[in-house]
Amino acid sequence: MDQGEDFVVANNLDDLVNKMNELVDNSLLNKDEIKKQIEARDRELDNLFTKDLQVTALRGSRFYRGDRLIRTAKPHKILDPKNGPLIAVKLNIISRKTLGGLQTNLSGQVLNSDGCVIKGLYAAGETAGFGGGGVHGYRALEGSFLGGCLFTGKIVGENIRTS
Ligand SMILES: Cc1cc2nc3c(=O)[nH]c(=O)nc-3n(C[C@H](O)[C@H](O)[C@H](O)COP(=O)(O)OP(=O)(O)OC[C@H]3O[C@@H](n4cnc5c(N)ncnc54)[C@H](O)[C@@H]3O)c2cc1C
């Protein structure tokens, strides 16, 4: 929080929103609107039957002892000063997974829109759809990307060597 250029820390909401707007040199955030939203969220912590999905999910995950001990902090009111300073983080958007784009045959040769081989062009890994949603079925199964990427890299390398 001290070093990160995308982190903003303040003791009250007014300062936090001002600093967030200063960070991007633009008054993108409206103090009153943010306050209204956080107060509405904090209010739900007093409601055992809340329909707030985030609060419900937090409470749900704390039923499991593993999450309760190391992963999910006890839900608390954001605007209660006894819970420490307010922290905001500027988000930067990245593409985490592409799930492919180029169609190949099983040797890794890229196919054109007619399904014919484009001579001399190969693709392996995520760009060929072999991250997750390739060898493991249509869905992007978490944690299953690297294996398929390495495997297709090996296949393509071998095919280039022997062609
Ligand atoms: C945050 C995050 C967490 C992940 N966690 C997991 C996980 O826990 N388990 C798992 O299995 N998978 C995980 N993945 C997915 C996995 O890391 C990727 O699917 C995998 O690394 C893709 O490998 P790749 O070689 O196909 O592509 P990349 O690793 O994207 O390699 C492509 C390379 O091409 C280079 N390049 C691009 N354009 C050009 C150009 N014009 N000329 C020359 N070079 C170029 C890029 O710089 C890059 O080095 C995660 C991905 C992310 C982003």
Side-chain angles (χ1 to χ4, degrees), residues 1-10 13 16-17 19-26 28-30 33-34 37-38 41-42 44-45 52-78 83-163:
M1 288 192 294
D2 294 337
Q3 307 293 329
E5 62 183 33
D6 295 324
F7 279 75
V8 172
V9 183
L13 194 59
L16 189 82
V17 172
K19 285 181 171 182
M20 288 168 81
N21 283 332
E22 278 167 23
L23 186 68
V24 291
D25 203 16
N26 193 343
L28 289 175
L29 298 173
N30 178 304
E33 189 55 34
I34 302 271
Q37 287 192 28
I38 301 181
R41 182 266 182 200
D42 278 357
E44 293 306 306
L45 289 181
D52 182 292
L53 291 181
Q54 196 176 51
V55 174
T56 305
L58 286 171
R59 285 177 178 159
S61 72
R62 282 176 59 81
F63 275 118
Y64 170 58
R65 186 184 290 174
D67 282 350
R68 190 184 182 93
L69 288 176
I70 60 168
R71 263 180 71 158
T72 312
K74 192 173 173 196
H76 59 263
K77 293 193 179 183
I78 294 171
N83 292 320
L86 298 168
I87 303 162
V89 188
K90 179 183 159 194
L91 298 182
N92 296 283
I93 296 173
I94 60 163
S95 157
R96 181 161 180 236
K97 282 164 187 164
T98 63
L99 305 182
L102 298 176
Q103 192 181 0
T104 70
N105 61 19
L106 292 177
S107 304
Q109 293 174 293
V110 178
L111 308 179
N112 65 18
S113 51
D114 298 325
C116 299
V117 166
I118 301 175
K119 214 166 172 294
L121 186 61
Y122 290 80
E126 196 166 320
T127 194
F130 277 100
V135 278
H136 300 292
Y138 288 114
R139 300 281 177 207
L141 188 63
E142 281 299 316
S144 68
F145 278 54
L146 274 180
C149 292
L150 294 172
F151 175 70
T152 52
K154 178 176 180 289
I155 298 288
V156 165
E158 283 170 359
N159 275 295
I160 290 174
R161 182 172 58 82
T162 54
S163 65

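Note that ligands are numbered from 1 as they come in the structure, with each ligand's atoms numbered from 1 the same way.
Nearest-residue assignment for atom 11 (O) of ligand 1 (options L146, I94, T152, L150; heavy-atom criterion): L146.
Counting only N and O atoms by type, the side chains of N21 and N26 include no donor and acceptor under 3.5 Å apart.
Polar contact with ligand 1: present for E126 (N/O pair, distance under 3.5 Å). An N or O contact shorter than 3.5 Å is missing between C149 and ligand 1 by distance. Backbone and side-chain nitrogen or oxygen atoms of G125 are examined, and none is located within less than 3.5 angstrom of a nitrogen or oxygen of ligand 1.
The nearest pair of heavy atoms linking K74 to R62 is N-NH1, 3.4 Å. Closest approach of A10 to L16, counting heavy atoms only: CB-N, 3.5 Å.
Distance alone, capped at 3.5 Å, is enough to place a donor-acceptor pair between the N83 side chain and the K77 backbone.
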